[in-house]
Number of protein chains: 2
Amino acid sequence: MALQESGEMYLETILILGKRRSFVRAIDISEEMGYSKPSVSRAVGLLKSGGYITVDDGGCIALTEAGLAVAEKIYERHTLLTELLVCLGVDEKTAADDACRIEHHISDKSFEAIKRHAGQSGEHKRWSK
Amino acid sequence: MALQESGEMYLETILILGKRRSFVRAIDISEEMGYSKPSVSRAVGLLKSGGYITVDDGGCIALTEAGLAVAEKIYERHTLLTELLVCLGVDEKTAADDACRIEHHISDKSFEAIKRHAGQSGEHKRWSK
DNA sequence: TTGACAAGTTAGCTCCCGCTAACTATAATG
DNA sequence: CATTATAGTTAGCGGGAGCTAACTTGTCAA
């Protein structure tokens, strides 16, 4: 079961929610992403059977190592890409939205290259004209 | 009928094929994209009814104004993003593949910002460290 | 003329991933 | 205790976009 863009989004959301609250349930994901409960329910089932998350009796969701790895990878892309776009003069909202889509479509190689460039340009400052 | 990523890819491919040969048929698209004839047939039908292409009696496909606008927009993104990634040290193949996916997910705002930055950095040269 | 190939279409399948409607199970509350 | 709210699940729909199998059509060469 290879992860789709959709699965990556769920994992990233679980990571983010976990930073904000002590536990994450399906309903929290549902509210955060604006998806219906059944949609989340199915996604959670798939991620669980794929070994990306665990769900305890109380319905609390936790990332496994595999899930955390994916979530952190995507989250890093999201953060850096957003920053970068903002530095280039894009408004926060647009930057975040775009980063949110691009983060799933960029290869490790390209992302590392961008990261290197951003780093070299003085902690991103050179990205602002 | 709003254009999906898939539709954009077909239009871009038609544009590119048109630069290489005098006419473009469904079969050419099929070979270029590696998709089956029925898949292309359906896509062509949708693009036609969406007003993005015209198909003459001989099966030759041409972009309408609307189709050309989309194709050129996507193609410009493709070209610039690929160049950029290559400048950052990414190999041609990876750069092109990534550009090919990102080109459909970036907003006009962000793309313009990147373009501006690339332009200012001395015709992309500053992108290479 | 006939037979073969090339191009395109039709029918129908699969997977992904949203959705609603409706049900279940568990608390919380009057 | 009965009611209501909350959380989750099941069943089934719809649209996007690939695929194969099989059919049609037109052209061209033996």
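Throughout, protein chains are lettered first and strands after them, A, B, ... in sequence-line order, and every chain is numbered starting at 1.
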Rounded interatomic separation in angstrom, taking CG from A/Asp57 and C1' from D/dT9: 16 Å

Heavy-atom side-chain proximity of A/Glu103 to A/Phe111 below 4.5 angstrom: no

Distance, rounded to the nearest Å, where B/Tyr35 contributes OH and C/dG8 contributes P: 18 Å

Contact pattern, 5' to 3', of nucleotides 21-26 of chain D - B, S or - by protein heavy atom under 4.0 Å: B-----

Side-chain heavy atoms of A/Tyr52 within contact of A/Leu3, under 4.5 Å: yes

Value in whole Å for how far the P atom of C/dC17 lies from CD of B/Gln4: 14 Å

Residue B/Ser36, side-chain heavy atoms: nucleotide from D/dT20, C/dT9, C/dC19 that is nearest: D/dT20

Sugar-phosphate only, base, or nothing, as touched by B/Ser39 at under 4.0 Å among non-hydrogen atoms: base

Residue pairs fulfilling side chain to side chain donor-acceptor pair (under 3.5 Å) with at least one residue in residues 55-75 of chain A, sequence neighbours excluded: A/Lys73-A/Asp108

Partner set under side chain to side chain contact (heavy atoms under 4.5 Å, CB included) for A/Asp98, not counting sequence neighbours: A/Leu85, A/Thr94, A/Arg101, A/Ile102, B/Ile106, B/Ser107, B/Ser110

Residue list, salt bridge (Lys or Arg N to Asp or Glu O under 4.0 Å) with B/Lys19, at least two apart or on another chain: none

Salt bridge (Lys or Arg N to Asp or Glu O under 4.0 Å) contacts touching residues 34-48 of chain A (sequence neighbours left out): none

Close approaches to DNA chain C from residues 8-21 of chain A, in residue order (heavy atom, under 4.0 Å): A/Tyr10

For A/Glu31, all residues meeting salt bridge (Lys or Arg N to Asp or Glu O under 4.0 Å), sequence neighbours excluded: none

Which residues share a side chain to side chain contact (heavy atoms under 4.5 Å, CB included) with B/Val44, sequence neighbours left out: B/Ile29, B/Val40, B/Ile53, B/Val55, B/Ile61

Those residues that, when tested against B/Val86, pass side chain to side chain contact (heavy atoms under 4.5 Å, CB included) (two or more places apart): B/Thr82, B/Glu92, B/Ala95

Among C/dT9, D/dT9, D/dA17, the nucleotide that comes nearest once only the side chain of B/Ser6 is considered: D/dA17

Kindly list each side-chain donor-acceptor pair under 3.5 angstrom involving residues 5-12 of chain B, sequence neighbours excluded, with atom names and distances?
from   : atom 1 : to       : atom 2 : distance (Å)
B/Glu5 : OE1    : B/His105 : NE2    : 2.9
B/Glu8 : OE1    : B/His104 : ND1    : 2.7

Distance test, side-chain N/O of A/Ser41 to OP1/OP2 of D/dG8, below 4.0 Å: no

Transitive ILVMFWY side-chain link B/Leu47 to B/Ile16, under 4.5 Å: yes

Distance in angstrom units between B/Arg42 CZ and C/dA11 P, rounded: 13 Å

Value rounded to 0.5 Å, distance of NZ in B/Lys109 from CD1 in B/Ile114: 14.0 Å

A/Leu88 side, atom CG; B/Lys115 side, atom NZ - distance, nearest 0.5 Å: 14.0 Å

Could you list all N or O pairs between the protein and nucleotides 13-15 of chain D that sit under 3.5 Å apart?
none

Over all atoms of both residues, closest heavy-atom pair of B/Gly51 and B/Ala66: O-CB, 4.0 Å

Sugar-phosphate, base or nothing in reach of A/Gly34, heavy atoms under 4.0 Å: sugar-phosphate

Touch class at under 4.0 angstrom, heavy-atom based, for A/Gly58 against every strand present: nothing

Any residue of residues 22-31 of chain B with a heavy atom less than 4.0 Å from an atom of DNA chain C: B/Arg25, B/Ala26, B/Ile27

Atom pair distance, as rounded to whole Å: CD in B/Glu5 and C1' in C/dC17: 15 Å

